[in-house]
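Please read the structure below before turning to the comments.
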Amino acid sequence: SQADVDKAQAHFEAARRANDAKDYQSACTSFERAYLLLPKPATLVSTANMYVKMGNASIAAEIYHRLLAESLPQHMHDFIADKLRVIQPSE
């Protein structure tokens, strides 16, 4: 519904503001809320990025792996694969 889209956008904007303020936990929570309302792969990438910034690479890696298993445009697949290589360079 449009209400869900509006709520998701509000959560996404709150997440961006929190990220800018280096409040990664709040940003992560807001990105997750946005994703639940409007599941877009880019929002899940942003969520994973917050986990990386909080020092939790294992959760980020799980999210990146999940995304790589989906049908995504090649540029997004490559972007996510690069992110994964940064946090798991030995794999």
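If you read the sequence from its start, that first residue is 1, and numbering goes on from there. Remember, predicted model here, so these are calculated numbers, not experimental data.
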What pair of heavy atoms forms the shortest contact from Thr47 to Cys28, and how long is it?
-> CG2-SG, 3.9 Å
Quick one: does Ser46's side chain have a donor or acceptor within less than 3.5 Å of a partner on Ala42's backbone?
-> yes
Could you grab the distance from atom OG of Ser26 to atom CZ of Arg17, nearest 0.5 Å is fine?
-> 11.5 Å
So which heavy atom on Leu68 is nearest to which on Ala81, and how close?
-> CD2-N, 4.0 Å
Would you say the side chain of Lys83 lies within less than 4.5 Å of the side chain of Val52, judging by non-hydrogen atoms?
-> no
Inter-residue atom distance His11.NE2 - Thr43.OG1, 0.5 Å rounding | 12.0 Å
Please tell me if the side chains of Pro73 and His77 come closer than 4.5 Å, counting only heavy atoms from C-beta onward.
-> no
Is Leu44 close to Phe31 at the side-chain level, that is, under 4.5 Å between some pair of heavy atoms?
-> no
Please report the shortest heavy-atom distance between Ser30 and Ala14, naming the atom on each side.
-> OG-CB, 4.0 Å
Common cluster, Met54/Ile59, ILVMFWY with side-chain heavy-atom separation under 4.5 Å | yes
Is there a path of hydrophobic side-chain contacts, each under 4.5 Å between heavy atoms of I, L, V, M, F, W or Y residues, that connects Met50 with Leu37?
-> no
Please answer: with hydrophobic residues joined when any side-chain heavy atoms are less than 4.5 Å apart, are Leu67 and Leu36 in the same cluster?
-> no
What's the shortest heavy-atom distance between Glu70 and Pro41, and which atoms?
-> OE1-CG, 4.4 Å
To the nearest 0.5 Å, tell me how far Lys53 NZ sits from Asp23 CG.
-> 11.5 Å
In sequence, state the C-alpha distance, the side-chain angles, and the governing distance for Leu38 and Gln9, and then conclude on side chain to side chain contact (heavy atoms under 4.5 Å, CB included).
-> CA-CA 9 Å; Leu38 190 65; Gln9 187 63 35; over 6 Å; no
Could you check if a side-chain atom of Asp82 sits within less than 4.5 angstrom of a side-chain atom of Tyr64, using non-hydrogen atoms only?
-> no
Any side-chain heavy-atom pair of Phe12 and Arg16 under 4.5 Å | yes
Are Ile63 and Ile87 in one and the same hydrophobic cluster, where Ile, Leu, Val, Met, Phe, Trp and Tyr link if side-chain heavy atoms are under 4.5 Å apart?
-> yes
Under 3.5 Å, is there a donor-acceptor pair linking the side chains of Ser58 and Asn56?
-> yes
Reported CD-to-CZ distance for the pair Gln74 and Phe79, which is rounded to 0.5 angstrom | 14.0 Å
Measure the spacing between CD1 of Ile80 and CZ of Arg85 and express it to the nearest 0.5 Å.
-> 11.5 Å
Would a 4.5 Å heavy-atom cut-off, applied to side chains only, mark Gln88 and His65 as touching?
-> yes
